[in-house]
Structure formats: structure tokens, C-alpha cells
Protein chains: 2
Amino acid sequence: MEELTITGVTESVVQYLRIYIIEGELAPGQKLNELELSSRLGISRPPLREAFRILENENMVVSIPRKGCYVTELSIDDCRQIYRAREIIEYGTIDCLKAKNIRDLPEVASALELAEQRSSTSSDDSQIEAVRSRNPFPYFHIKLVESTENNWLIRFYNTIAPTLARYQFMCYVPDILSKVQEEHKQMLDLIKKGKYASAKKLLRAHINWYVKFLENRMK
Amino acid sequence: MEELTITGVTESVVQYLRIYIIEGELAPGQKLNELELSSRLGISRPPLREAFRILENENMVVSIPRKGCYVTELSIDDCRQIYRAREIIEYGTIDCLKAKNIRDLPEVASALELAEQRSSTSSDDSQIEAVRSRNPFPYFHIKLVESTENNWLIRFYNTIAPTLARYQFMCYVPDILSKVQEEHKQMLDLIKKGKYASAKKLLRAHINWYVKFLENRMK
DNA sequence: CAGATATATATTGTCTACAATAAACATTCA
DNA sequence: TGAATGTTTATTGTAGACAATATATATCTG
């Protein structure tokens, strides 16, 4: 864990801790000692504490008053909950699109293309690379939610995205990439045709399958 | 704005600022000067800054790096967005209840009773009193969302609740209380009968009506 | 030897002070 | 007189130090 640059300390720390929590280098349940961490990162405690508050809202860490800050534990139960929450957001997203009769989603389409390029060219480490890069979160879904132009919905998704990334990272296998990709393509297609209800069904099936997959891997 | 007590400074500051932003004593767009605010509250800047980070996640304040922290502006557009987001969450809530076949909601029912008692006994200032009290947010809806036992969904609702309270406070008129109360009762009844789809419809109508009401008042 | 209590240590919570940056003002030049 | 630039002032960002509390350890007692 190398030192940070000079400017925007709090935000930099947030990004760093996010990555390391997602990758498990900061393990679930691990205590984050303020003095140790701040000295290791070459910063002081106040900005670190501000970073904790931000990460706390994402449920990446849990802060217990007068005790300390801990990396949030992962569990099958929480996994079910967060994917159910994601489903609800994306259901709402599709409803929004339907209400506005939006069918063309250029941003989502280009995100999909980008992902396709990446999966065809890169090695098995692509997920790890993606996580390490500045924006480790699934572009497709973010762009989809962003297309609603509902800032609160977008905010919700950004809140759960880091934890979603934790589960995905923990259970990563390259095999499923093509399946996921294919289903994303189908979904975009269904929306383009205005078949919003079908898109929802596909989404639900997709999530249910994925949660089962994660559950099996987690045991 | 009186001084604070000694313990749990950050959380106390959050609560205080929440209330004052909701009531408009800290007006939309107003700059929150760290030095001025901290001295006025009798605290130092670090915990105030931590409080800012928490309020930032609720979109109660907007923090611009190296410029400062501002009370988030309200707008008709944002109002539409947040109530659409609320609808999505509550739709998801009802879906959860349906999936688990939950019909009895004792917590929600008692919240409703409590509200009824309050509306019948108290004066026109009840809303203001409610806001000033420790838990100013609409119990009915919180208890409803909590009944899903989905911590992420609950987190979402708690995120939007303060801003919902701002719109409600801004446009408060005692007349609508009985109507709102009545519709809550109906909704609880529909859920008890397992008529989840009807509950959804009622919810949508309720929200659409309320947003229209708010829009008119805001002009 | 086990349990409870007291002490010591480590860690969080908070405050004060310094540094860097942005904004406001005045001054100068066209 | 207006605009641009330099200087001053105010405010945010960060660091380091102090205080309070919780935890761990050691000692004492039953």
C-alpha cells in the first residue's frame, strides 16, 4: 500500500480504501486502526476519518463509537438483500424508461461495446484490472440507471456499487463473463423494442441466477 | 441556535443541521462557513466536517472542494425525482412483502395509530413539533420499508427521508393530514388482504397527487 | 487456581494551529 | 473609465497535540 499524492486527500483515501476492501486486502471484519492507517498512507487522521464517514454510508465500513472502524462483513444474507435492492432499482429504472418511452440508450450501448472489446482481448485478469482501474464498477448497469436522469436513483446505485463489486470480486470466474454479456445485449435489445416487461423478466432471471451462483461460491 | 452538549459531537451536529435545514433556518443555497458554524455551535471544525460528509450523502448539503459547503437547493425538478425514487422504493417494498407473503404489519399499524392520536389531539403546529422532535420523519413509510428487513432498502429510505421532510415542511398545510392518514389506513388494509397490486396503485395515485400538490405550492 | 478489580496502555474523540488556496479588493495601465 | 493584474484577506485543507475512554494486562483476593 503505497503513499498518496498531495491533493484531495480525503477523496483519494476513499478510492484507495474502496479498492482494497473490494479486493479483500482489507479483509471483512478487519479493524481499521486510525493511527496505523494514516501513517501507512502518509496522511493525518482528520481526512481519514472523513473518508470513513463516506465509506460508512456505502456500508463498506461499520463505525462503532469509541470502538473503531471495521470492514463490513459479507454474508449470504446480505448478498441476497443487496441484489434484491439492485433489482428494485433496476425495475424502477425500466419503469422510468417506459414512462418516458425511452428506447435508444447510446451510453449503455457504448458501455456494452467497451465491455465486449475488453473481454475479447484481455486476459483472465481483466476483472482484477477493471477493479484496479479508476472506475471498477459495472458500466452497463450504471449507464442504464443514469439514463433515467433521476439523481436519487443514481445515488442509490452508486451507494450499492462498491459492495456489489466486493461480491463479484470474491466470486470471480472468467467463465460467466460471456453469459452476462449476452444477457446484457438481450436486455438492451428488449428495451429498444419497447418490450419493457420482458426486460424486467430477463433482469429478474439474471439476478436470481447470479445470486444462486454467488451463494454456491460463498459456501 | 443554542450550543450543544458534550458527547457525540459529530452525530449531534448532524441532527442539528438536519433540523435547521429542514425548517429552512439554514436556507437553500446558503453557504455553511466552517469557522462561523463551529464557533456558533461551540465545537471545533473537524467534527463539523465529518458531519458535512454525512449530510452530503443525504444530499442535504453540497460540498465543492476548496470552495465550501452549501445547503442543497430545492426545485420542482428535484421534487419530482425524489418522489419518483420514493415510489420505486415503496414499490419494491410491496413486492418484497408479496414475495414473503407478509400481511400483518404490527409496527406499521402502531405507527399509524400513533399518528392518528397526534393529529386528533395536537394543534396546527404539530408538523413543526414533529420535525423538532428527535425523529421527524414519517413513521408510517419508514416502518413499512423496515418491514422488508432489507437493510439496503432501509438505507435508501433513510437517505431520502431528510429531503422529503424538507419538501413536506416547506409546503405544510394541516388540511391534507386527514387525507394522508386515510390513504395510509387504506393501504395497510389492502396489504392485510393480500391485495398488493391495489396497494401499489393506491401508492402511485397518492404520490402523484402529492407531487402535484407540492408543485402548486412551490410556484 | 479462578475470578475480580485496579492499573497501564492503546485508541478514539476533539481541539488548536499551520499551510495552501480561492476570493475580494485595490492599484495600475491601456 | 474599464479591464487586467498584483496584493491582501478570508476560508478551506491538513497536520499535530491533547483529553477521554475502552481494552488488555497484571495483581490481589477468595
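Just so you know, these numbers come straight off a predicted model, no measurement behind them. In the text below, chain A, chain B and the rest are named by the order of the sequence lines, each starting its count at 1.
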Between side-chain atoms of residues 44-53 of chain A and protein atoms elsewhere (two or more places apart, or another chain), which donor-acceptor pairs fall under 3.5 Å?
from    : atom 1 : to      : atom 2 : distance (Å)
A:Arg45 : NE     : A:Glu34 : OE1    : 3.0
A:Arg45 : NH2    : A:Glu34 : OE1    : 2.8
A:Arg49 : NE     : B:Glu50 : OE2    : 2.8
A:Arg49 : NH1    : A:Glu34 : OE2    : 2.9
A:Arg49 : NH2    : B:Glu50 : OE2    : 3.4
A:Glu50 : OE1    : B:Arg53 : NE     : 2.8
A:Glu50 : OE1    : B:Arg53 : NH2    : 2.8
A:Glu50 : OE2    : B:Arg49 : NE     : 2.7
A:Glu50 : OE2    : B:Arg49 : NH2    : 3.4
A:Arg53 : NE     : B:Glu50 : OE1    : 2.9
A:Arg53 : NH1    : A:Glu56 : OE1    : 3.4
A:Arg53 : NH2    : B:Glu50 : OE1    : 2.8

Residues forming a ring-ring contact (aromatic ring centres under 6.0 Å, His included) with A:His184, sequence neighbours excluded: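 Scan of A:His184 (ring-ring contact (aromatic ring centres under 6.0 Å, His included), adjacent residues dropped) gives A:Phe140, A:His141, A:His206.
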Which nucleotide sits closest to the side chain of A:Lys31: C:dT11, D:dT11, C:dT16?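 Nearest nucleotide to the side chain: C:dT11.
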Taking only residues two or more places apart in sequence, or in another chain, which ones meet B:Glu73 in a side-chain hydrogen bond (donor to acceptor under 3.5 Å, both in side chains)?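 By the side-chain hydrogen bond (donor to acceptor under 3.5 Å, both in side chains) rule, B:Glu73 matches no residue at all.
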Considering residues at least two apart in sequence or located in another chain, which fulfil the side-chain hydrogen bond (donor to acceptor under 3.5 Å, both in side chains) criterion with A:Arg80?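 side-chain hydrogen bond (donor to acceptor under 3.5 Å, both in side chains) check on A:Arg80 returns A:Glu215.
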Residue-level proximity of residues 45-60 of chain A to DNA chain C when a heavy atom falls under 4.0 Å: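 Close to the strand are A:Arg45, A:Arg49.
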For residues 75-115 of chain B, pull every pair meeting ring-ring contact (aromatic ring centres under 6.0 Å, His included), keeping only residues two or more places apart or in separate chains.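 For residues 75-115 of chain B: B:Tyr83-B:Tyr210.
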Roughly, in whole Å, what's the span from [atom1] in [X] to [atom2] in [N]?
X	N	atom1	atom2	result
B:Glu34	D:dT11	CD	P	11 Å
A:Asn33	D:dA24	CG	P	13 Å
A:Leu32	C:dG13	CG	P	13 Å
A:Leu37	D:dT14	CG	P	16 Å
B:Leu35	C:dT21	CG	C1'	16 Å

Apply side chain to side chain contact (heavy atoms under 4.5 Å, CB included) to B:Lys212 and list each qualifying residue two or more places apart in sequence or on a separate chain.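 B:Lys212: no side chain to side chain contact (heavy atoms under 4.5 Å, CB included) contacts found.
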For A:Asn150, enumerate each residue passing the side chain to side chain contact (heavy atoms under 4.5 Å, CB included) test, keeping only those at least two apart in sequence or located in another chain.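 Counting only residues at least two positions away or on another chain, A:Asn150 forms a side chain to side chain contact (heavy atoms under 4.5 Å, CB included) with A:Thr148, A:Trp152, A:Leu153, B:Gln81, B:Arg84, B:Ala85.
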Distance from A:Gln168 atom CD to A:Phe213 atom CZ, nearest 0.5 Å?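 Interatomic distance, A:Gln168 CD to A:Phe213 CZ, rounded to 0.5 Å: 10.0 Å.
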DNA chain D contacts made by residues 62-72 of chain A, counting heavy atoms under 4.0 Å: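 Going residue by residue through residues 62-72 of chain A, the ones with a heavy atom under 4.0 Å of DNA chain D turn out to be A:Arg66, A:Lys67.
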